[in-house]
K.L.:
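Supplied in structure tokens, the structure appears directly below.
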Amino acid sequence: MNTTFNKLVRLVVYMLCAVAIIASSVSSTATTLSDSDDVFKSAAHMPSFPGGDAALMRFIYDNLRWPQTCGCIQGKVVVQFVVEKDGSVGEVKVARGLDPDFDKEAVRVVKMLPKFEPGRNAVGEPVRVWYVVPVTFKLQPVNEED
């Protein structure tokens, strides 16, 4: 049954992930999101995932597991995190949740992300930047022929 469930998950779960970067405006200077610890909401050069947004979506999709306790719930979990000066992921939190199990799964996968190309200020120095990834959990009809 568990093997059947996992196969069904692969067939049924179609994860739509759109990458949204919180930025009021990209300007020549970075703007501070909070007064603490110089984390920016935008920078002259925003962080980028190796391979671009499509590679980011593929990484999340390939590593995402549908929580078994969640049944047929569908929706979006918005995960916010800091891309550190070295490109690593830090300070991961749920900005908008769906269900505690889905929230936990989205955070787990984001914490696994490989290093980004870090954000940079106008003079080219690496800066810490907030990044947002909406992760959509959507059921798709099962193809009976598979």
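Positions are given from 1 along the sequence. Small disclaimer: the values here were computed from a predicted structure and weren't measured.
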K.L.:
Rounded to the nearest 0.5 Å, what's the gap from CD on Glu91 to CD on Gln80? Could you check?
P.N.:
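One gets 9.0 Å once the value is rounded to the nearest 0.5 Å.
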K.L.:
Just jot down the side-chain contact (heavy atoms from CB on, under 4.5 Å) partners of Pro114, sequence neighbours excluded, or say none.
P.N.:
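Testing Pro114 for side-chain contact (heavy atoms from CB on, under 4.5 Å), a comparison that skips the adjacent residues, returns Phe49, Phe59.
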K.L.:
Could you pull out the closest heavy-atom pair between Glu84 and Gly90, with the gap in Å?
P.N.:
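Heavy atoms only, the tightest pair is OE2-CA, 3.8 Å.
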K.L.:
On a heavy-atom basis, which atom in Leu64 and which in Val135 lie closest, and how many Å separate them?
P.N.:
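Looking at all heavy atoms of both residues, the closest pair is CD2-CG1, 4.2 Å.
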K.L.:
Roughly how far, to the nearest 0.5 Å, is the OH atom of Tyr131 from the CG atom of Leu56?
P.N.:
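The OH atom of Tyr131 is 5.5 Å from CG of Leu56, to the nearest 0.5 Å.
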K.L.:
Can you name the residues that form a salt bridge (charged side-chain N to carboxylate O under 4.0 Å, His left out) with Arg108, not counting sequence neighbours?
P.N.:
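Expected list: Glu105.
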K.L.:
Listing request: all salt bridge (charged side-chain N to carboxylate O under 4.0 Å, His left out) pairs with a residue in residues 109-119, at least two apart in sequence or in separate chains.
P.N.:
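Non-adjacent pairs meeting salt bridge (charged side-chain N to carboxylate O under 4.0 Å, His left out): Asp86-Lys115, Glu117-Arg120.
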K.L.:
Output the distance between atom CZ (Phe102) and atom CD (Gln74), rounded to the nearest 0.5 Å.
P.N.:
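Between Phe102 CZ and Gln74 CD, I get 8.5 Å after rounding to 0.5 Å.
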K.L.:
Please report the closest heavy-atom contact between Pro118 and Val83, naming both atoms and the distance.
P.N.:
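Reported closest heavy-atom pair: CA-CG1, 4.3 Å.
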K.L.:
Determine, stepwise, if the pair Val94 / Val107 fulfils side-chain contact (heavy atoms from CB on, under 4.5 Å).
P.N.:
CA-CA 7 Å; Val94 174; Val107 167; 3.5 Å; yes
K.L.:
Please report the interatomic distance CE(Met57) to OG1(Thr136), rounded to the nearest 0.5 Å.
P.N.:
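Reported to 0.5 Å precision, the distance equals 11.0 Å.
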K.L.:
Just to verify, which of Met46, Lys85, Lys41 counts as forming a side chain to side chain contact (heavy atoms under 4.5 Å, CB included) with Val129?
P.N.:
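So, applying the side chain to side chain contact (heavy atoms under 4.5 Å, CB included) to Val129 and each of Met46, Lys85, Lys41, only Met46 qualifies.
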K.L.:
Hey, does the side chain of Asp103 reach the backbone of Leu98 with a donor-acceptor pair shorter than 3.5 angstrom?
P.N.:
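Between the backbone of Leu98 and the side chain of Asp103 there is a qualifying donor-acceptor contact (under 3.5 Å).
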K.L.:
Please identify each residue that fulfils side-chain contact (heavy atoms from CB on, under 4.5 Å) with Val89, with sequence neighbours left out.
P.N.:
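For Val89, the residues satisfying side-chain contact (heavy atoms from CB on, under 4.5 Å) (neighbours in sequence not counted) are Phe81, Val92, Val110, Leu113, Phe116.
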K.L.:
Can you tell me how far CZ of Arg58 sits from CG of Asn63, rounded to the nearest 0.5 angstrom?
P.N.:
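So the CG of Asn63 and the CZ of Arg58 are separated by 10.5 Å.
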